[in-house]
Structure formats: structure tokens, C-alpha cells
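Lettering of chains follows the sequences in order, A, B, ..., and the numbering in each one begins at 1.
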Amino acid sequence: MTPARKKRLTLIISLVIGVGIATGFALYAFNQNLMFFFTPTEVSQGKVPNNTLFRLGGMVVDGSVSKAEDSVIVKFDLTDNVNNVTVVYDGILPDLFREGQGIVAMGRLNANGQFMADEVLAKHDENYMPPEVRDAMQKSMGEKMKGATTP
Amino acid sequence: MIMKFLHKLASPPHFYRLVGRLIPWLGGLCLLLLLAGLYGGLVLAPADYQQGEGFRIIYVHVPSAWMSLFIYMVMAGAGAIGLIWRIKLAEVMTISSAPIGAAFTFLALVTGSLWGKPMWGTYWVWDARLTSELILLFLYLGIMALYGAIEDKRTASRAIAILALVGVVNIPIIHYSVEWWNTLHQGPTVTKFDKPSIHLSMLIPLLLMAVGFKLYYVVTLLMRARNELLVRERNSRWVAEMVTGK
């Protein structure tokens with residue numbers, strides 16, 4: 001390799017590394033702002049802002065969903081397997097909403113520590129399989145695996 | 001031996017002739033793979049346990065998203081080669097890749113959006129994966145705009161190569177965004193060290209589609225590169241000889 005080419009190669013490598021490091025620092029500094037949602041544990045630790053909109057993500061706890069009889073208000077618990085937060089939502093739920101499903105809700109905490117959601121989005125997992133395989137897996141894993149939780 | 005072959009290949013007239021013979025074969029293979037992949041994905045593969053028939057959009061969405069990243073890496077790599085060795089053909093490959101990459105990125109964003117509405121409940125959210133993919137689209141468009149804005153095409157090639165290399169930092173961000181941050185977009189299904197979390201009957205058509213998309217890129221890239229070469233070399237002897245039939 002001629003000296004001129006070597007110089008250009010070094011320049012390019014240092015450019016890519018330099019930009020990489022700079023972006024790394026910037027993303028590290030903005031880490032909290034890049035989080036799409038908070039977890040129930042962060043809520044219980046008081047890490048979430050008061051009286052402002054934020055998103056809360058977690059799994060819908062099995063058997064916690066209760067629907068009001070005369071309206072579309074739904075109440076359910078969200079968990080990250082450590083802490084739970086009760087969510088109240090007045091609106092139409094997405095098709096994928098079910099017990100054991102991961103969801104992201106946007107709203108704010110009220111005085112009782114309940115999360116009043118304005119919007120509920122379903123978060124689906126990265127697993128794809130035919131229903132029969134799903135049934136067979138559930139059977140072999142016993143009764144622990146009720147619902148559609150991620151194995 | 002290999003270096004000699006590469007050296008010969010990089011000469012515009014040889015490349016033009018050899019690639020012209022290759023394109024129909026690659027195009028035919030690409031069509032076969034895409035047809036097989038589509039048939040496998042839309043007809044043979046079973047419905048998903050959670051998303052039902054709706055998951056089938058994966059057969060367009062995921063291969064286009066992979067291609068959007070892959071083409072960017074090829075483009076930046078060709079840009080670096082063009083910068084260091086000043087090889088004309090590498091410069092041609094850089095600019096010829098950009099519109100194809102932009103098209104795949106656009107396709108990934110649109111199919112993802114259409115998939116998001118029924119499954120997530122929204123067309124668009126500003127989570128890290130979706131936002132970084134949108135930035136990728138802007139990078140492609142920026143590269144095309146910058147190239148068009150500079151009169152001298154060799155200077156333009158150097159400028160876009162630098163822009164492409166600066167943008168490389170976005171590629172690992174897109175790939176790892178779903179692991180580094182909480183996102184609405186789910187984690188990787190296939191591109192991880194673990195066993196793919198997709199049933200084999202669904203995975204095979206997906207891989208067929210992925211290879212088909214890759215071949216589509218190769219074919220369109222080569223066609224674009226030939227055209228670009230002709231335009232750039234329009235005053236050279238080999239083009240004149242070819243046009244007049246010697």
C-alpha cells in the first residue's frame with residue numbers, strides 16, 4: 001500500500017471510530033430519554049416524573065383484568081415480575097391485548113398510585129409459531145404456562 | 001491470480017461486458033426465489049399462534065429491513081474503497097446502492113407501520129428502533145441529494161463516501177436499539193446468536209425471501225452501475241467503440 005493510501009485508510013478508520021465514540025457518549029447521556037417506557041419497578045422506586053404523561057410497560061397479570069359493566073373502562077395490573085402497578089383505561093383495547101401479554105400504556109399516576117392510561121399499545125414478542133406447536137409446548141411445560149406468556 | 005481477476009473486473013469495459021451477461025441469470029434466480037418464498041410464506045406457512053394471518057407481512061417487512069442495513073454497509077464499504085484506492089467502479093457502486101437502499105428502507109418503514117396498526121394499536125411511535133430506521137432513510141436521501149448537488153461526479157463520490165462513513169454509526173444503533181433501550185418494537189427473532197425464535201416452517205420462506213431480496217439488490221445494483229458507468233465514461237474510447245460497433 002502506498003503511503004498516500006495508508007494515510008487515507010488511517011484517516012477513514014479514525015473518522016469512523018471518532019464518530020462512533022462521540023455518538024456513544026451522546027446516547028449514553030440521553031439514555032433515560034431514549035427509553036420508550038418505564039417499568040413498574042421504576043414507578044415504585046419513584047423514578048418517574050410526577051403529574052406528567054409517561055409510558056408504562058409490562059405484562060398484564062393473569063386474572064387481573066376487570067371490565068366495568070356499563071362502560072368500556074378496564075382495570076388491570078401490570079407487572080415486570082418484581083412490582084405491580086394498577087392501570088385504569090377508558091377506551092378500546094388493541095386486538096393483541098390479553099392476560100400475560102406485554103403492553104405499553106401512556107398516561108399519568110393519580111393520587112392513589114393508580115396509572116390512568118390515555119392510550120394502550122400491545123407489545124408483541126419475537127416468537128412466531130403455529131398454534132399447534134404453542135399448544136404442544138404448553139402441554140409439555142405443564143400448568144405453569146397458562147396464557148400466552150413468553151417461554 | 002485473484003488480484004489479477006479483480007483488477008481486470010474493476011476495469012469499466014470488462015465489468016460492463018461481464019455483468020451484462022450475468023444479469024439475466026441472476027434475475028431469473030431472483031425471481032424463482034421470490035416466487036418460492038412468497039408461495040411458502042403466504043400459502044404454506046401456518047398462521048401465527050398470536051397474530052394469526054396478519055403476521056405474514058413479516059415476509060416483506062423483515063427482509064427489507066435487513067436489506068436496508070446490508071445495503072448501507074455495502075455502500076459505506078464501497079465508499080471507503082473508493083476513497084482509499086480511488087477505484088472508479090467502487091465510486092459507481094456507492095452511488096448506485098443509495099436509491100435501492102432508500103427504497104428498501106422506505107418499504108420496511110411502510111410495511112412496519114401497516115403491521116403496527118393492527119398489532120400494536122398504532123401506525124407510528126417514536127421508539128428507538130423506528131426512529132433510528134427513519135434516520136437511516138434520511139441518510140440515504142441525504143447521500144442522493146449531496147451527490148446530485150455537486151457537478152463533478154468524482155468530487156461528488158468522495159463527498160458522499162464521507163457522509164456514508166459518518167452514517168455507519170447508525171447501523172449498530174438500529175440493530176441493537178431493541179436491546180439497549182425499552183422499545184415497543186420486539187427483540188430480534190433470527191439475527192441473534194441464540195436459536196431463532198420462529199418455527200422452522202415459517203423460517204424457511206423467510207430465508208428464501210431474504211436471499212431473493214439480496215439477489216434483487218445485486219441485479220438492480222449491477223444494472224444501475226452499468227448505466228452510471230456509461231454516463232461517466234461517455235467520452236472514452238470503449239464506449240464509442242461499443243456504440244458504433246467498432
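For B:Tyr217 and B:Phe104, the ring centers sit 6.0 Å or farther from each other.
By a heavy-atom distance cut of under 4.5 Å, not one residue of residues 134-149 of chain B is near chain A. Heavy-atom proximity under 4.5 angstrom to chain A picks out B:Phe55, B:Ile58 from residues 54-77 of chain B. At a heavy-atom cut-off of under 4.5 Å, chain B is reached by A:Leu9, A:Ile12, A:Leu15, A:Val16, A:Val19, A:Gly20, A:Thr23 from residues 9-24 of chain A, listed in order of number.
Proximity to chain A is limited to the backbone of B:Pro188, based on heavy atoms less than 4.5 angstrom apart. A:Pro94 touches chain B through its side chain: at least one heavy atom from C-beta onward sits under 4.5 Å away, while N, CA, C and O do not. Using a 4.5 Å cut-off between heavy atoms, B:Leu200 makes no contact with chain A at all.
In this structure, B:Glu133 does not pair ionically with B:Arg129, as no charged nitrogen and carboxylate oxygen lie closer than 4.0 Å.
Remark: B:Met202 CE to B:Leu207 CG distance equals 13.5 Å, nearest 0.5 Å. The NZ atom of A:Lys6 sits 13.5 Å away from atom CZ of A:Arg8, with the distance rounded to the nearest 0.5 Å. Between the NE2 atom of B:His199 and the CG atom of B:Asp48 there is a distance of 11.5 Å, given to the nearest 0.5 Å. Note that OG1 of B:Thr131 and CH2 of B:Trp181 are 10.0 Å apart. Values are rounded to the nearest 0.5 Å. In this structure, the separation between CZ on B:Arg86 and CG on B:Leu83 is 6.5 Å, given to the nearest 0.5 Å. The line from OG of B:Ser177 to NE2 of B:His185 is 8.0 Å long, rounded to the nearest 0.5 Å.
The candidate from B:Leu184, B:Leu203, B:Thr183 with the greatest count of non-hydrogen atom pairs under 4.5 Å with chain A is B:Leu184. Heavy-atom pairs under 4.5 Å with chain A were tallied for B:Ile84, B:Thr189, B:Ile198; the largest tally goes to B:Ile84. Here B:Asn182 is the residue among B:Val169, B:Asn182, B:Val168 with the most heavy-atom pairs under 4.5 Å with chain A.
Proximity of a side-chain donor or acceptor of B:Gln50 to a complementary backbone N or O of A:His124 within less than 3.5 Å is not detected. A donor-acceptor pair under 3.5 Å links the side-chain atoms of A:Asp80 to the main chain of A:Asn83, judged by distance alone.
Remark: A:Arg108 fails to qualify as a cation-pi partner of A:Phe115 under the 6.0 Å distance and 45° angle criteria applied to the six-membered ring.
At least one side-chain heavy atom of A:Pro40 sits under 4.5 Å from a side-chain heavy atom of A:Leu56.
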*Going through the distances and angles, do A:Lys75 and A:Val65 end up as a side-chain contact (heavy atoms from CB on, under 4.5 Å)?*
CA-CA 6 Å; A:Lys75 212 167 153 181; A:Val65 181; over 6 Å; no
*asked:* Test side-chain contact (heavy atoms from CB on, under 4.5 Å) on B:Leu114 and B:Val110; report intermediate values, then the result.
replied: CA-CA 6 Å; B:Leu114 293 176; B:Val110 169; 4.2 Å; yes
_Test ring-ring contact (aromatic ring centres under 6.0 Å, His included) on A:Phe37 and A:Phe54; report intermediate values, then the result._
CA-CA 7 Å; A:Phe37 53 81; A:Phe54 68 95; over 10 Å; no
Distance-only criterion, 3.5 Å: show the donor-acceptor pairs between side-chain atoms of residues 115-125 of chain B and protein atoms not counting sequence neighbours.
| from | atom 1 | to | atom 2 | distance (Å) |
| --- | --- | --- | --- | --- |
| B:Trp115 | NE1 | B:Gln51 | OE1 | 3.0 |
| B:Thr122 | OG1 | B:Trp124 | N | 3.3 |
| B:Thr122 | OG1 | B:Trp124 | O | 3.1 |

